[in-house]
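Have a look at the structure below before the remarks.
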Amino acid sequence: MDLKKKFLVKRENDAPPLGNFINWHLHVNKIKKKNVSEFLGVLPTSLNGYFKQPSFQFVILWRISQAVQHNFLMELGERLAIPYESKAEKKKKNQ
């Protein structure tokens with residue numbers, strides 16, 4: 001295999017396909033894709049293109065989170081199953 005393409009080899013504990021993950025959230029919560037695409041400043045066809053990708057740029061995920069007022073970063077972090085304590089949680093624990 002070409003060493004440049006090693007990242008394409010699937011692993012058992014890989015992240016869920018990001019595009020499908022976001023699209024599912026919009027569908028379940030009845031969020032109009034048109035509104036999200038307008039917030040992002042892209043055509044609806046571009047937004048649908050994101051949903052077909054296994055991953056995309058961090059800034060796109062950030063902006064979609066803002067558009068739908070949902071913290072996808074935290075939700076994905078919870079699925080990672082690596083313990084993490086936020087600064088707020090640490091502060092509460094120390095009080």
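In what follows, residues are counted from 1 in the order of the sequence shown.
- Here the closest heavy-atom approach between residue Ala67 and residue Val36 is recorded as CB-CG1, 4.3 Å.
- Pairs passing the salt bridge (charged side-chain N to carboxylate O under 4.0 Å, His left out) check and including a residue from residues 35-53, sequence neighbours excluded, read Lys34-Glu38.
- Remark: the backbone N or O of Leu73 is paired with a side-chain donor or acceptor of Asn71 at under 3.5 angstrom.
- Legend: residues meeting ring-ring contact (aromatic ring centres under 6.0 Å, His included) with Phe51, ordered by chain and number and at least two apart, are absent.
- Checked against ring-ring contact (aromatic ring centres under 6.0 Å, His included), His25 has the following partners two or more places apart in sequence or in another chain: His70, Phe72.
- Side-chain contact between Ile22 and Tyr50 is absent, with no heavy atoms from C-beta onward closer than 4.5 Å.
- Using a 4.5 Å cut-off between side-chain heavy atoms of Ile, Leu, Val, Met, Phe, Trp and Tyr, with links allowed through other members, Val28 and Val68 fall into different hydrophobic clusters.
- Taken together through direct or relayed side-chain contacts under 4.5 Å among Ile, Leu, Val, Met, Phe, Trp and Tyr, Tyr84 and Ile82 form parts of separate hydrophobic clusters.
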Between Leu47 and Leu40, is a side chain to side chain contact (heavy atoms under 4.5 Å, CB included) present by the stated rule, with each step listed? CA-CA 9 Å; Leu47 184 64; Leu40 297 175; 3.8 Å; yes

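- Here the side chains of Lys33 and Leu26 are in contact, with some heavy-atom distance below 4.5 Å.
- Between Ser65 atom OG and Met74 atom CE the span is 11.5 Å, to the nearest 0.5 Å.
- Within the 4.5 Å cutoff, side-chain heavy atoms of Leu76 are placed close to those of Pro16.
- For Phe39, there are no ring-ring contact (aromatic ring centres under 6.0 Å, His included) partners two or more places apart in sequence or in a different chain.
- Residues in residues 62-90 take part in these salt bridge (charged side-chain N to carboxylate O under 4.0 Å, His left out) pairs, two or more places apart or across chains: Glu85-Lys93.
- Looking at residues two or more places apart in sequence or on another chain, you find a ring-ring contact (aromatic ring centres under 6.0 Å, His included) between Trp62 and Phe58.
- With hydrogens and angles ignored, the 3.5 Å screen pairs no side-chain donor or acceptor of Ser46 with any backbone N or O of Val42.
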